[in-house]
Asker: 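To start, I am sharing the structure in question, which I have written as structure tokens.
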Amino acid sequence: GFVANPKSPAYAPPMPFETTVNTVAEARGFNGHCYDYLFDTLAGIKEYGIYDAAMEKLANAVSQDLHQPNNLGRNDCCVGLCGCGGMVDA
């Protein structure tokens, strides 16, 4: 499982929203892209009727960041995980 340990070198402290967006869009660990985890978590909680406004806001901002023409090659887009269906006008 995952544990948020503030003493770990991998711990991400609180940061401004735009920094969080950039970090989620760019970060990749041994389990894959951070944005995959975000989009999958959001889809999972929706299945249980849970709405999280902050997570929705972050997912929308990350999706927009990934779909910027200058960023498409950076993380191979989101391959439709954000709900775009992988159809991006670049």
Asker: For Lys46, which residues count as a side chain to side chain contact (heavy atoms under 4.5 Å, CB included) partner, sequence neighbours excluded?
Answerer: Leu42, Glu56
Asker: For Met15 versus Ala12, what's the shortest heavy-atom pair and its separation?
Answerer: CE-CB, 3.8 Å
Asker: If you define the side chain from C-beta out and look only at heavy atoms, does anything of Val62 sit under 4.5 Å from Phe39?
Answerer: yes
Asker: To the nearest 0.5 Å, tell me how far Ile50 CD1 sits from Thr41 OG1.
Answerer: 11.0 Å
Asker: Flag the pair Ile45 / Tyr51 as yes when at least one side-chain heavy-atom distance between them is below 4.5 Å, and no otherwise.
Answerer: no
Asker: Fit a plane to each ring of Tyr35 and His33, take the angle between them on a 0 to 90° scale, and name the class: parallel (under 30°), tilted (30 to 60°) or perpendicular (over 60°).
Answerer: parallel
Asker: Which pairs pass side chain to side chain donor-acceptor pair (under 3.5 Å) with one or both residues in residues 7-20, sequence neighbours excluded?
Answerer: none
Asker: For Ala61 versus Val21, what's the shortest heavy-atom pair and its separation?
Answerer: CB-CG2, 3.6 Å
